[in-house]
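Comments concern the structure below.
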Amino acid sequence: MKYMTSAEIRQAFLEFFKQQGHEIVASSSLIPANDPTLMFTNAGMVQFKDVFLGTDKRNYTRATSSQRCVRAGGKHNDLENVGYTARHHTFFEMLGNFSFGDYFKQDAINFAWTFLTETLGLPKERLWVTVHHSDDEAERIWKEEIGVDPERFSKLDEDNFWSMGDTGPCGPCTEIFFDHGADVWGGPPGSPEEDGDRYIEIWNVVFMQYNRSADGEMTPLPKPSVDTGMGLERIAAVMQNVHSNYEIDMFQNLLKATAAAVGTTDMDNKSLRVIADHIRSCSFLIVDGVLPSNEGAGYVLRRIIRRAVRHGNKLGAKGPFFNQLVEALVKEMGEAYPELAEKQSQVERVLLKEEEQFAKTLDHGMRLLHEAIEGLDGTVIPGETVFKLYDTYGFPHDLTADVAREHELTIDEEGFEREMEAQRERARAAGKFSVDYNDAIKLEGETSFTGYELLESDASTVVALFKEGEAVDTLQTGETGLVVLDETPFYAESGGQVGDTGALNASASVFAVTNCTKEGKNNLHHGSVEQGSLSVGDKVAPQVDAVRRKAIALNHSATHLLHEALRVVLGEHVQQKGSLNDDQRLRFDFSHFEAVTPEQIAEVEALVNQQIRDNSEVVTEIMEIEAAKAKGAAALFGEKYDDVVRVLTMGGDFSVELCGGTHAKRTGDIGLLKITSEGGVAAGIRRVEAVTGAVALDYFADQKGQFEAKLQEQQAKTRQLEKELEQMKAKLAAAKGADLVSNAVDVKGVKVLAAKLEGVEPKALRDTIDQLKNKLGSGVVVLATESDGKIALAAGVTKELTSKVRAGDLIKELTAKLGGKGGGRPDFAQGGGTDLQALEGALDSVAGLVEAAV
C-alpha cells in the first residue's frame, strides 16, 4: 500500500472512472439550486437529484465527481463533534460515481473493488463488506464473483437501506470498511463493538432499485440506478497510514498554519482541529455566495466563524487571525477548486469583518458565561442563561454548549427552546397591529392577466366585490372596497413591483383604482366608486395609468441591469435580498459585506448606462425551469419555481433572470440611471436607491440648482471673508505702524518717519500712512513692504507741508533708487521697485530729501 497525497487520490479516482466511461462533473455549489428542501449540499448525489427523479436529462448516463459538502445544520449537523472526534467535519469532499439507468450492481461492485484493491493497492484482507439482509444478488456478486472472504462479510438491517424520502426512489446499500488493526478498539459492522474506531466505513454504494408509494409498497424501478460515495479525507487517512483525518497531509498543513496564526506550539490541542476544519467550510461557503447573517445559511456560517474565533481566543490569539488561514487553504485546495483562489481576497475580507465584529462582544460574553459557570449549582447551564448569551451577545447556543463540554457540563436545551419560543411569540404579537384585509377574502377561480400586451380593455366582468372584508353585491358612490375581474391589465403588486393604478369604467360608473394586489390567483383592485354604482356581473373597461406603468417598468428593467452590474463589480456573492420598483425610483437590497465605495458606485453606474446606450431588445421567453437554468437564469435559494417560468434577458446575455414583472421594450427606453444613495440595512445587507429616465433628469436638474445655489452662497461667503481679511490685515498693518511713531525724527522742525513693515499687504500701506499722519499731527511718512520679491512704497505728507515737501517727488526719487517708478499727489503717492538690496539705503535717504526740500 503506497503513500498517496489527498490531491493524488482525488485525481486517481476521477481518472479511474473516466476510463470506465464516466463523465467527470465539476463540484456543484454548496447551496443547492432550486431545492428548498436542503440548506447545504451534503452528499455527492445532490446535484444529480433531479436526474435520478427523471426530471433532468443529461447527455451522459455515467458520471463521477469530487463534490464539496457541508454538514453543519439540519438533519446532518456534525458541528458539535468537530475537533473532538477523528472523522467529523463541517466540510468534506465526497468522491462518487453514478449510474443513471445504465450499469447496476455487478459493475458498481466491481468498480469499487478494483479501484480500492488495484488502483490504490489496499490489502483485501483488511477490507470488510456489508449488504442489506434482503439483497441476495449483491451477496452473490461479492462472494462468488469478487471472492470476498465470508469471514469478512456482514448482512445488516435498516442501516443498509437508503431512501430519498418517505416516498420515491429507494434501495439497499453495500458498504466497504477498512480495518485499522487489532491495536485499535472496536468490532466489525453488525457486532456489539461496531461503534469502535477499528473498522471505518470508506465506501457506500446505494442501489436505487425500488419506488416506494405512500402505502409503503415498493415496486421495481424501470431503470435502476447507482449512487456511491467515498469520503476523500477518510480514504486519505488509510493511504497515509494514519488513524485520524486530522493527521492527513491536507490537515497537517492547515494545522501548522493555524498554530502559527494564533501563536501556539501545542499541536495536539483540539482547538487547532476545530479551526483547521472551520476555515474550509467558511471559505467555501463564502466562495459560493453565502455571507454571515442572522438567518438561514448565513447564520450557520456566522456560527461556524464565531466558533473558530472562540477557539482561537482560547488558544491565546491576539487580534484577528482566522482570515489569515485562507492563504494556506488556497495552497492546499486552490488547484482543485480554482474559484477558491480567484476569490481569496474577498473571503479574507468577509472573515476579517466578521472577526472584528464578534471580537467586540466575545470577551464580555465569555466573562458572563464563566461567571454563570462559577455560580452554577449542578452540572446544567440554565436555558435562560444560554438564551441571554445568544440574544444579547450573539453567542450561538452550540458555542455555549462547546464551552460547557470543556467544563464537563451540559446546557438546558428545553429551557433554551422555551425562551426562543417566547421570543417568537413576542415578535408575532408585536406584528399584529391590524388584521390582514386579504385574510378574510377566499376566492376560487383565477384572474386572467392581459397586462403584458394591453393597458386597457373593453369587456371585463366583475366576478366579486368586497367591502370591509365582506363579500357584497354592490358598491355605491363614495364607498371603498375591492373589485375582482375575470380578466385585467392591472399588474398586481409582486416581485418588488408595485401594483397599477387607474380606473374601471362602465356606462354610468367609475371605480378609481388606487392599488392592485394578489390573493391566490386573483387580482384585487383596491379603490372607491367615484360615480354611479358597481355590481357583481357588471361589464367594465379597465384602464391602467399608462404614464405611471411605463415609469415603473423602466425602473424594474433598470433593477435587473443594476443587479448584474453589482455582481460584475462587487463579485458573484451579490444576491438580491429585496427590491421596490415604483414610478419614482428603484430600491435594491443585496448581500455584501462592506460599504460600496464611491469608485465602485461610479463603475456600476457606468456599466448600467452602457447597457442602456446599447439599446438592446428586452427579450421575454416562456420556458421550462431546467431550460431556464441552462440558459443561465439564476434561481434564488429557498424559492420553489413552477415547471414553466418567464425568463427576461437583457443586453444579449448580460442579464438573465426569472421575472414575472412588466418591462421596457428596449434597454434604451430607460434613458439613464443614477444611483442616489447607498447604505447598510442589516448585517451583510446593503441597499442602493436609484432613479431613471425623466426622474433622473429632474434629479440632475435639481442637483444643478442646488449646486448653483451652494456656489452663490459660497461665493458670497468668500467675498465676505475676503473683506474681513482685508480689514484684519489693515488693522494688523496699522498696529505695526503705530509702534513706529516713536521712531520719527525731527528734520528742521518736520517730523519724518521712514520704515519697512514686515508681513503687510501693499494695499494696507495707504490706511497705515493716514493713521500715522494723524498720530504725528504734522509730518512726512514713507513706508515700504516686500511681497513676492517686489517692493511696494508709499509716501504721505500732511497738508500744511505740501507746499514744501511733495509726496510724489519723494516717491520718484526713492523708486529711482530701487529700479522702479511711481508718483502721485502732493499729499500721497505710491510706487515700487525690485532692488531689495537698495531698500534700506533708500529709506535712510528720506530725511535728507525732506531736509533739502524745506
Side-chain angles (χ1 to χ4, degrees), residues 434-556 579-587 659-664 694-695:
S434 62
V435 177
D436 186 349
Y437 190 57
N438 291 339
D439 277 353
I441 300 172
K442 304 300 180 186
L443 289 167
E444 296 181 356
E446 178 179 354
T447 301
S448 175
F449 178 62
T450 61
Y452 290 130
E453 300 82 19
L454 305 172
L455 292 180
E456 58 183 86
S457 62
D458 297 328
S460 292
T461 303
V462 177
V463 298
L465 295 172
F466 293 89
K467 177 184 173 183
E468 298 178 355
E470 298 292 334
V472 295
D473 293 328
T474 303
L475 289 174
Q476 302 292 345
T477 301
E479 290 185 331
T480 298
L482 301 179
V483 179
V484 183
L485 305 177
D486 61 341
E487 64 176 36
T488 181
F490 280 77
Y491 182 83
E493 179 180 324
S494 61
Q497 179 175 329
V498 297
D500 283 333
T501 60
L504 306 180
N505 301 304
S507 58
S509 63
V510 176
F511 183 89
V513 180
T514 57
N515 192 17
C516 186
T517 62
K518 206 168 190 68
E519 174 66 19
K521 295 183 178 182
N522 286 277
N523 289 27
L524 309 181
H525 303 77
H526 300 240
S528 59
V529 180
E530 291 189 341
Q531 177 183 324
S533 63
L534 198 64
S535 300
V536 175
D538 284 355
K539 296 291 185 181
V540 296
Q543 185 172 30
V544 174
D545 182 335
V547 174
R548 181 175 179 271
R549 160 73 84 81
K550 181 178 180 181
I552 295 169
L554 297 183
N555 282 334
H556 199 163
S579 67
L580 172 68
N581 300 289
D582 61 24
D583 60 326
Q584 295 297 310
R585 57 164 182 161
L586 66 88
R587 187 182 74 205
C659 184
T662 64
H663 288 275
V695 178

> Looking at K518 and E493, does any basic side-chain N land under 4.0 Å from a carboxylate oxygen?
Replying inline: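 Looking at E493 together with K518, the answer is no, because their closest N to O distance does not fall below 4.0 Å.
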
Look at the side chain of [X] and the backbone N and O of [Y], then say whether any donor-acceptor pair between them is shorter than 3.5 Å.
| X | Y | result |
| --- | --- | --- |
| T477 | G532 | yes |
| R585 | V695 | no |
| D486 | T461 | yes |
| N523 | F490 | yes |
| D538 | S535 | yes |
| Y491 | T517 | no |
| S460 | L485 | no |

Could you check if a side-chain atom of [X] sits within less than 4.5 angstrom of a side-chain atom of [Y], using non-hydrogen atoms only?
| X | Y | result |
| --- | --- | --- |
| V483 | L504 | yes |
| V498 | R548 | yes |
| S509 | S533 | no |
| N505 | Q543 | yes |
| V544 | E456 | no |
| L475 | K467 | yes |

Kindly compute the distance separating [atom1] ([X]) from [atom2] ([Y]), expressed to the nearest 0.5 Å.
| X | Y | atom1 | atom2 | result |
| --- | --- | --- | --- | --- |
| L465 | L534 | CG | CG | 5.5 Å |
| T501 | D583 | OG1 | CG | 7.5 Å |
| T662 | Y452 | OG1 | OH | 8.0 Å |
| F466 | E519 | CZ | CD | 9.0 Å |
| L524 | N515 | CG | CG | 9.5 Å |
| F449 | L454 | CZ | CG | 9.5 Å |

> Using the benzene-type ring in the case of Trp, are the ring centres of H525 and F511 under 6.0 Å apart?
Replying inline: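 Ring-ring flag for H525/F511: false, centres at least 6.0 Å apart.
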
>> Can you tell me how the ring of H556 sits relative to the ring of H663, calling it parallel under 30°, perpendicular over 60° and tilted otherwise?
In response: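 Ring orientation, 0 to 90° scale: tilted.
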
> Can you name the closest pair of heavy atoms from R549 and D500 and give their distance?
Replying inline: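 Looks like NH2-OD2, 2.8 Å.
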
> What pair of heavy atoms forms the shortest contact from G445 to N522, and how long is it?
Replying inline: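 Of all heavy-atom pairs spanning G445 and N522, the closest is O-ND2, 3.3 Å.
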
> Does the side-chain contact (heavy atoms from CB on, under 4.5 Å) test come out yes or no for K521 and T447, once each step is laid out?
Replying inline: CA-CA 6 Å; K521 295 183 178 182; T447 301; over 6 Å; no

